[in-house]
Number of protein chains: 2
Amino acid sequence: MKLDAVDIRQAASAADIVYEALRKAIIEGALAEGENLRQDQIAQMFNTSRIPVREALSRLEQHGLITTQRYKGAVVAGLSIEEIEEIFEFRALLEAEVIRLAVPNLDRKTLDLARRHCDDFGKESDSAKWGETNRNFHYSLYEAARRPYYLQIVRASLDRIDRYLRAQLTLTDGMKRAAREHEAIFDACAKGDADMASSLTRDHILDAGRSLVVFLRDQRG
Amino acid sequence: MKLDAVDIRQAASAADIVYEALRKAIIEGALAEGENLRQDQIAQMFNTSRIPVREALSRLEQHGLITTQRYKGAVVAGLSIEEIEEIFEFRALLEAEVIRLAVPNLDRKTLDLARRHCDDFGKESDSAKWGETNRNFHYSLYEAARRPYYLQIVRASLDRIDRYLRAQLTLTDGMKRAAREHEAIFDACAKGDADMASSLTRDHILDAGRSLVVFLRDQRG
DNA sequence: CATAGAAATATTGGATCCAATATACAATGT
DNA sequence: ACATTGTATATTGGATCCAATATTTCTATG
């Protein structure tokens, strides 16, 4: 197990740092599904005691990223195909609505930023960074919806399936398709067509979900 | 501050018990908005140390039910009118979809159960129990959607605004209206009309939200 | 008497220690 | 040889203690 350094601005507590580092490692796939997370081991890694580690693990469990059992420890949670399908269906519903609410509020500056993120995604060859640029693109538009509660849920739902998406996209040509779909979504936003942007976002997510399920069924047998 | 007893079957840890008790107290309004939650005080209440209390508080903060500041402690979180409006809008979107997905799966047994919960709600005079019967009715139908992830989010979003709803319904005649709307939702479900059930659920939630906002604007000045 | 500064108090986050239990492995009997 | 039992080890959850800081109270001074 190997973890990246973290740079949380307002990391008030050690627990926050541990939480963010583990969250990042899990959603990026650096920690494999089923991998054991020993409190002692993590505590030593962060030069801290088990107390903040336990708090971090507790939060990760609340978000469904790990499961714990007393006297046995925590493991990185895995999702069944059915659970993954449900989360994609959920994201399609939610993000389609968020983009619809965002379009009327989009201004020049936001569109320019989204345009840059869209280009970055198209040009990104390092698959490890794919997740970041993807989030950057979508969230730069979503922010305009001014719905912090929606966005919190959007982020949490993406966290759950992000590492499966990344695994698939590094092994298939899904990224090209995603880049094309991003272009279409951006164009609809730039034209101010909320219904179109919403519909395309919905399809974008459902397509990705279907591809991923095919990929996983094959991989898992 | 006074807390109910808890009865969690699989309350593996003291932290679970404290978490559930505090959660219940907050969503029922037994703990007022802004009320201080001192770790020591809570620990003594549950005959335990501050460690499990801290874990419980950390989880409550993740769910947005409290806010904490180092060296100052935790307080029960309050929501602005705008935040409440957002959550009702969110619930309308989500629960309308959940009931739509549920209707095709409804069987005799589930409908009978929902019928009973619907009657219970109409007959319930104790406003303290309103929240439970309301949840029982809606969730008995929602379960049929077989979407555990959706339901988890539905529960969390209701938790955030439940105590405002309860406060309003005890002081207005909103319960009669809610009871009528429940009847209509149930009838649509019994007829197998998913679109109608969805639309009525959406209106039911948006109506409740609007009434609540009027009530709160008046109350808060 | 009012106010500024200092000491006392309250309160949190983290470290270390202890209790409980699951797992692994060795010893023992058939 | 193999199954069973007992023990040693690993690991978690909780209790107690310590460090850091915010708040309050008290005192001294103009």
Side-chain angles (χ1 to χ4, degrees), chain A residues 1 3 5-23 25-26 31-77, chain B residues 1 3 5-23 25-26 31-77:
Chain A
M1 180 164 64
L3 299 178
V6 208
D7 173 34
I8 311 294
R9 274 71 174 173
Q10 67 287 51
S13 65
D16 291 342
I17 294 172
V18 175
Y19 171 75
E20 278 300 332
L22 290 176
R23 169 182 167 275
I26 292 171
L31 292 174
E33 180 175 319
E35 185 154 356
N36 282 323
L37 301 171
R38 300 283 158 70
Q39 295 180 1
D40 242 334
Q41 183 189 10
I42 298 167
Q44 282 171 27
M45 245 181 245
F46 289 90
N47 273 316
T48 180
S49 79
R50 282 169 45 225
I51 297 289
V53 173
R54 277 165 51 183
E55 194 178 312
L57 292 176
S58 164
R59 290 190 219 168
L60 289 167
E61 189 174 24
Q62 291 283 301
H63 285 290
L65 295 178
I66 66 170
T67 59
T68 68
Q69 261 190 302
R70 191 167 192 175
Y71 310 121
K72 293 184 72 175
V75 295
V76 178
Chain B
M1 182 164 62
L3 299 177
V6 206
D7 173 35
I8 311 293
R9 273 70 174 174
Q10 68 284 53
S13 65
D16 291 342
I17 294 172
V18 175
Y19 171 75
E20 277 301 332
L22 290 176
R23 170 183 167 274
I26 291 171
L31 291 174
E33 179 175 321
E35 185 154 356
N36 283 322
L37 300 171
R38 301 283 159 70
Q39 295 178 2
D40 243 333
Q41 183 190 10
I42 297 167
Q44 282 172 27
M45 244 181 248
F46 289 90
N47 273 319
T48 180
S49 79
R50 282 169 42 226
I51 297 289
V53 172
R54 277 166 52 184
E55 195 178 313
L57 292 176
S58 164
R59 288 190 219 168
L60 290 167
E61 190 174 22
Q62 291 282 301
H63 281 54
L65 295 178
I66 66 170
T67 59
T68 67
Q69 262 191 301
R70 192 168 191 177
Y71 309 121
K72 293 184 72 174
V75 295
V76 178

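Note that this is a predicted model, so its numbers are computed, not measured. A note on names: the letters A, B, ... follow the listed sequences, proteins ahead of strands, and every chain is numbered from 1.
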Chemist: Could you note down all residue pairs passing salt bridge (Lys or Arg N to Asp or Glu O under 4.0 Å) where residues 40-58 of chain B supplies at least one of them, sequence neighbours left out?
Modeler: B:E55-B:R59
Chemist: Please give, in whole Å, the distance from C:dA10 C1' to B:Q44 CD?
Modeler: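 In whole Å, C:dA10 C1' and B:Q44 CD are 13 Å from each other.
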Chemist: Just wondering, do B:I66 and B:L22 contact through their side chains at under 4.5 Å, heavy atoms?
Modeler: no
Chemist: Quick one: list whatever passes side chain to side chain donor-acceptor pair (under 3.5 Å) with B:T48, sequence neighbours left out.
Modeler: none
Chemist: Identify, with sequence neighbours excluded, every residue that meets side-chain contact (heavy atoms from CB on, under 4.5 Å) alongside A:E33.
Modeler: A:R163, A:Y164, A:R220
Chemist: Identify, with sequence neighbours excluded, every residue that meets side chain to side chain donor-acceptor pair (under 3.5 Å) alongside A:E61.
Modeler: A:T68
Chemist: Which residues within residues 52-74 of chain B lie with some heavy atom under 4.0 Å of an atom in DNA chain C?
Modeler: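 Heavy-atom cutoff 4.0 Å gives B:R54, B:R70, B:Y71, B:G73.
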Chemist: With sequence neighbours excluded, tell me which residues meet side-chain contact (heavy atoms from CB on, under 4.5 Å) with B:A56.
Modeler: B:V18, B:Y19
Chemist: Return the CD to CD1 distance between A:Q39 and A:I51, rounded to the nearest 0.5 Å.
Modeler: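 Interatomic distance, A:Q39 CD to A:I51 CD1, rounded to 0.5 Å: 8.5 Å.
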Chemist: Looking only at heavy atoms, what is the nearest atom pair of A:G64 and A:A77, with distance?
Modeler: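 Taking every non-hydrogen atom into account, O-CB, 3.5 Å.
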Chemist: So where does chain B start and stop touching DNA chain D, 5' to 3', when the test is distance under 4.0 Å to a non-hydrogen atom?
Modeler: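 The contact span of chain B on DNA chain D goes from D:dG13 to D:dT23.
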